[in-house]
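Structure first, commentary second.
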There are 2 protein chains.
Amino acid sequence: MDSRIKERLEAHLASSGLRRTRQREVIVEAAFATDDHFNAEDLLEKARKLDRTISRATIYRTLQLLVECGLLREVDFGRDQTYYDPNFLDKPQHNHLICLDCDRVVEFEDDNAALLHDCITRRLGFHPQMKSMRIEARCDELARTGFCPHKKEREAAGKN
Amino acid sequence: MDSRIKERLEAHLASSGLRRTRQREVIVEAAFATDDHFNAEDLLEKARKLDRTISRATIYRTLQLLVECGLLREVDFGRDQTYYDPNFLDKPQHNHLICLDCDRVVEFEDDNAALLHDCITRRLGFHPQMKSMRIEARCDELARTGFCPHKKEREAAGKN
DNA sequence: TCCTTTCTTGCCATCAGTCTCAATTAAGTT
DNA sequence: AACTTAATTGAGACTGATGGCAAGAAAGGA
């Protein structure tokens, strides 16, 4: 596990007057053991392999904590559960274009997007530490025909 | 109520093989009677004043329908319920910058954002019919001090 | 070591939203 | 009008996630 993870967590706990607990250690261990995306239930299962007493509520609370201190990112586009990405410390951008009809998500990188992101966040008094942008649109096909061809594909694939 | 609303709904129903029902009429009537944002429970209450038999499930299903055909927009940033905006047919942009810590939402317009939006959506094979962009960032203060000053304000104001 | 404070946890109730299913109803056909 | 079909509805079970609360535990001081 990347050593920056525990460092950043420690720093956040210290600066917020929060405490190191066995449960938090175990959950972080489970969350960052691999680079895979996971949801709350996955994490509960993994964490309980290390400590069978971990409760569901603590999982949800710790997930919130890890999102707050910038170690996890929520990725929940078009699915019924919230998923988490434990592997984005070094990725400079996380831009998504989302089809409003079929929930298809297209990830993209774009230099102009990065520039614009900086520019707008600064102008509005924000700090552009975490580059992320989300655009909603409709498929060409959807606009022309009123029906998104990816919708059926995705439903067939059981994505919804 | 803007006559384009019923027109667009009719068109969507017809093109998708869906049916006109008393419940849908009533719910649309209730949703677009005013320009205010509302949530599912608000709408259920309003709709039941016109027809006491409307069920909660039908409200949720009709909300989905109205979002699909572009008559409603979901606005759920940083609140526990999903809210809906019935008044955006003519607004060219809906851009939001969101503080990752306190969930403060700043609406902005920006010509470059509009251009970039067009450019990216076209490049990825999408149709930029509905301009909307969502950027996540952190307050300057949060980045400097590790604490967002708006967080307490918002909590005091009961926004969360 | 014991004590105090305050954060944290597990349990369970609750909440918003979705799903299932049988009964109903719109819309087209005869 | 009667019939057929497929969409739609209401009721209630269910799901993912959150909130309240009393018991437990971390951190610091005496």
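Proteins get letters first, then strands, A, B, ... in listed order; numbering begins at 1 in each. If you're wondering where the values come from, they're calculated on a predicted model, not measured in any experiment.
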Between N or O atoms, less than 3.5 Å apart, protein on one side and nucleotides 26-30 of chain D on the other: list the pairs.
| residue | atom | partner | partner atom | Å |
| --- | --- | --- | --- | --- |
| D:dA26 | N3 | A:Arg19 | NH1 | 3.0 |
| D:dA27 | OP1 | A:Arg20 | N | 3.4 |

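In this structure, A:Arg48 contributes its side chain and A:Thr53 its backbone to no donor-acceptor pair below 3.5 Å. Checked by atom type and distance alone, the side chain of A:Asp118 never pairs as donor or acceptor with a backbone atom of A:Leu115 at under 3.5 Å. For the pair B:Ser16 (side chain) and B:His12 (backbone), a donor-acceptor distance under 3.5 Å is present.
In this structure, B:Ile59 places its CD1 atom 13 Å from P of D:dA11, rounding to the nearest Å. Between the CG atom of A:Leu65 and the C1' atom of D:dT18 there is a distance of 16 Å, given to the nearest Å. In this entry the distance linking CD of B:Glu25 with C1' of C:dT25 reads 14 Å, nearest Å. Summarising the geometry, the separation between CG on A:Leu43 and C1' on D:dA17 is reported as 14 Å, rounded to the nearest angstrom. Taking atom CZ of B:Arg61 as the reference point, atom P of D:dA7 lies 14 Å away to the nearest angstrom. The separation between B:Arg24 atom CZ and C:dT24 atom P is 19 Å, rounded to whole Å. Remark: C1' of D:dG10 and CG of B:Asp51 are 12 Å apart, rounded to the nearest angstrom. In this structure, the CG atom of A:Leu13 is 15 Å from the C1' atom of D:dA25, given to the nearest Å.
Under the salt bridge (Lys or Arg N to Asp or Glu O under 4.0 Å) rule, B:Glu29 has a single partner from B:Lys46, B:Arg24, B:Lys6, which is B:Lys6.
Heavy-atom neighbours of B:Glu10 CD from other residues, nucleotides or ligands within 6.0 Å: above the threshold of 12. Crowding of B:Arg123 atom CZ: a count of heavy atoms from other residues, nucleotides or ligands under 6.0 Å exceeding 12. B:Glu25 CD: more than 12 foreign heavy atoms inside a 6.0 Å radius.
Between A:Leu116 and B:Ala113 the shortest heavy-atom distance is CD2-CA, 3.5 Å. Scanning both residues, B:Ala31 and B:Pro86, for their nearest heavy atoms gives O-CB, 3.8 Å.
Mapping B:Thr58 and B:Gly17 onto DNA chain D by nearest heavy atom places B:Gly17 at the nucleotide closer to the 5' end.
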Checklist entry - How would nucleotides 13-18 of chain C be written as a contact map, 5' to 3', with B for base contact, S for sugar-phosphate-only contact and - for no contact, using protein heavy atoms under 4.0 Å? => result ---SBB
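A:Gln23 has a side-chain polar atom (N or O) that falls below the 4.0 Å cut-off from OP1 or OP2 of C:dG10.
Under the 4.5 Å side-chain heavy-atom criterion for Ile, Leu, Val, Met, Phe, Trp and Tyr, B:Phe32 and B:Leu44 are members of the same hydrophobic cluster. Hydrophobic clustering (side-chain heavy atoms under 4.5 Å, transitive across Ile, Leu, Val, Met, Phe, Trp, Tyr) groups A:Leu72 together with A:Leu13.
Rounded to 10°, the angle separating the first-five-pair axis and the last-five-pair axis of the helix from C:dT1-D:dA30 to C:dT30-D:dA1 equals 10°.
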